[in-house]
There are 2 protein chains.
Amino acid sequence: MISETQKVEILSRSFIFSALTGEELTGLARMAIERRFTAEQFIFIEEDAPDWFYIIADGKVKAVKHTSLGKEIIIAFFGNGEMFGEVAVFENKPYPASAQAVSETRLLGIRREDFLSFLVKQPLVALGIINVLAGRLREAQSRLRDLAGERVEQRLARMLLMLSAKLGAELPFTRQELSDMAGTTTETTIRILSQWKSRKIIGSVRGRITILDETKLRLLAEGRPRV
Amino acid sequence: MISETQKVEILSRSFIFSALTGEELTGLARMAIERRFTAEQFIFIEEDAPDWFYIIADGKVKAVKHTSLGKEIIIAFFGNGEMFGEVAVFENKPYPASAQAVSETRLLGIRREDFLSFLVKQPLVALGIINVLAGRLREAQSRLRDLAGERVEQRLARMLLMLSAKLGAELPFTRQELSDMAGTTTETTIRILSQWKSRKIIGSVRGRITILDETKLRLLAEGRPRV
DNA sequence: CGCCTATTTGAAAACCGTCAAAGTATGTGG
DNA sequence: CCACATACTTTGACGGTTTTCAAATAGGCG
């Protein structure tokens, strides 16, 4: 169990609540409950009822969908201070994807109705949410373009660049995860990354990839032949 | 030139403004100007400055992006009463895609700053926008999964089902447009649609596709072999 | 040390894109 | 009303990219 003060502290680190006063944050904190998950544990499953809106206090969560043959596709990763589950909550429809903890994770959960009634009184928070949703749509559209029209090598290069823009040059992902994000297979990802590794474009150790030569990666992302 | 009353009438047909009073609509109408476009004409181009937010009064608009080799990818279609350009406007970053009129189109355009200052005073409109953005994210995520993991035949089936859920069984698209949405080529689309046509799953005449057997299409979308 | 997961490599085949050419509607102007 | 231009549709053959299947290696943790 954590204190109200700690909840306020966690909420205040989230972009969408940055405009709130201490008092408003306290009001929000009173609606929030803490939930803990271990690595691999599911927070909700696609098609579940949209009862909870979440903010990550500490940890990492992935949103996944599955193809008709059961292949996992990673839709997004979320880290500290980020919200998720919002699409379902705002539409009042089942969650469009499953949410799974990637590592030990602490969340603050707020009930759908509580959060919506809070939201109508907080136009600035609504604007912040609009901003975040717009950003996610922009990213989704970019990925749609890549998946619909680019080769695997370019998709992987773009994926690494997108991730490193958000997380830095050290990327804590396995080849499997990268494949599930780029819409390809582990084997293909390995073949391409091995090549890049021998050309000193990236470095890697088990479950961790480092971008060494961003310039060359950018050329690969643009599909210039024989970089 | 159209009258204020007509603008109010057009705005009132839009979902996001359904909560507004006549007076509020009039205020919004005063900020809006009418713009007309002929088929094929570009309303804005990817990377343009995000100066305008648009509502479609009458017509049809597509959002397109291009791959590194120049192939066109259709991100979305918008029809009467729908907004577009919002991602750029809310993030205050360049438009993430180009917007092109598909047919003769009339728009209402509102300047970014005008619209944002209107928005902070209208929490219900903000909630409506959140709702629309959430819906678009849901759709984008579903397409991401399809593009990343499903075969072309299944992608086409799903695309047709998604479009028909929105527009009805009569779909005004060419095979080229369908290909650009499903991330494939005209030839492949034709080969698959021809097969479906001979199996009476769809019908088609130049630039128009009719869904005849939705049940079978659903099975194809799920990838059941030999339906 | 031994297990489990991540990574690697190879070979064969499937899927789909590419290229080339031709057929068929629709509309236009003479 | 016909002839032509244009865009959409169709078909076939070929080949490349990527998946699939199988098996082996390597690194980290209890």
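Computed from a predicted model, the values in this text were never measured in an experiment.
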Fill in: pair A:Arg218-A:Leu161: side-chain heavy atoms closer than 4.5 Å
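When only atoms from C-beta onward are counted, A:Leu161 and A:Arg218 do touch, with a gap below 4.5 Å.
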Worksheet entry | Check: A:Phe77 ring centroid to A:Phe173 ring centroid under 6.0 Å |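 They qualify: ring centres under 6.0 Å apart.
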Review item, nucleotides 11-17 of chain D N/O atoms under 3.5 Å of protein N/O:
residue : atom : partner  : partner atom : Å
D:dG12  : N7   : B:Arg191 : NH1          : 2.9
D:dG12  : O6   : B:Arg191 : NH2          : 3.0
D:dA13  : N6   : B:Arg191 : NH2          : 3.3

Worksheet item: Do B:Glu104 and B:Thr38 meet the criterion of a side-chain donor-acceptor pair at a distance under 3.5 Å?
Response: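 No, no side-chain donor-acceptor contact under 3.5 Å.
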For [X] and [N], is the shortest distance between a side-chain N/O and OP1 or OP2 below 4.0 Å?
{"X": "A:Thr186", "N": "C:dA6", "value": "no"}
{"X": "A:Arg175", "N": "C:dA6", "value": "no"}
{"X": "A:Thr174", "N": "C:dA6", "value": "no"}
{"X": "B:Thr188", "N": "C:dC16", "value": "no"}

Discussion item. Regarding A:Ser204, tell me which of base, sugar-phosphate or nothing describes its non-hydrogen contacts under 4.0 Å with the strands shown.
Written reply: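 Nothing, no nucleic acid heavy atom in range.
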Worksheet entry | Atom pair distance, as rounded to whole Å: CG in A:Leu69 and P in D:dT20 |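 Rounded to the whole Å, the gap is 8 Å.
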Practice prompt. Calculate the interatomic distance between B:Gln176 atom CD and C:dG17 atom P; express it in whole Å.
Written response: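 Result: 12 Å.
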Discussion item. For A:Asp180, give me all partners under side-chain hydrogen bond (donor to acceptor under 3.5 Å, both in side chains), at least two apart in sequence or on another chain.
Written reply: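 Applying side-chain hydrogen bond (donor to acceptor under 3.5 Å, both in side chains) to A:Asp180 gives none.
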Worksheet item: Side chain of B:Arg206, base of D:dA7: donor and acceptor closer than 3.5 Å?
Response: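 When only heavy-atom distances are counted, B:Arg206 does reach the base of D:dA7 through a donor-acceptor pair under 3.5 Å.
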Worksheet item: Taking for each residue the nucleotide of DNA chain D bearing the nearest heavy atom, is the 5' side occupied by A:Glu150 or by A:Val205?
Response: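 Per heavy-atom nearest nucleotide, the more 5' residue is A:Glu150.
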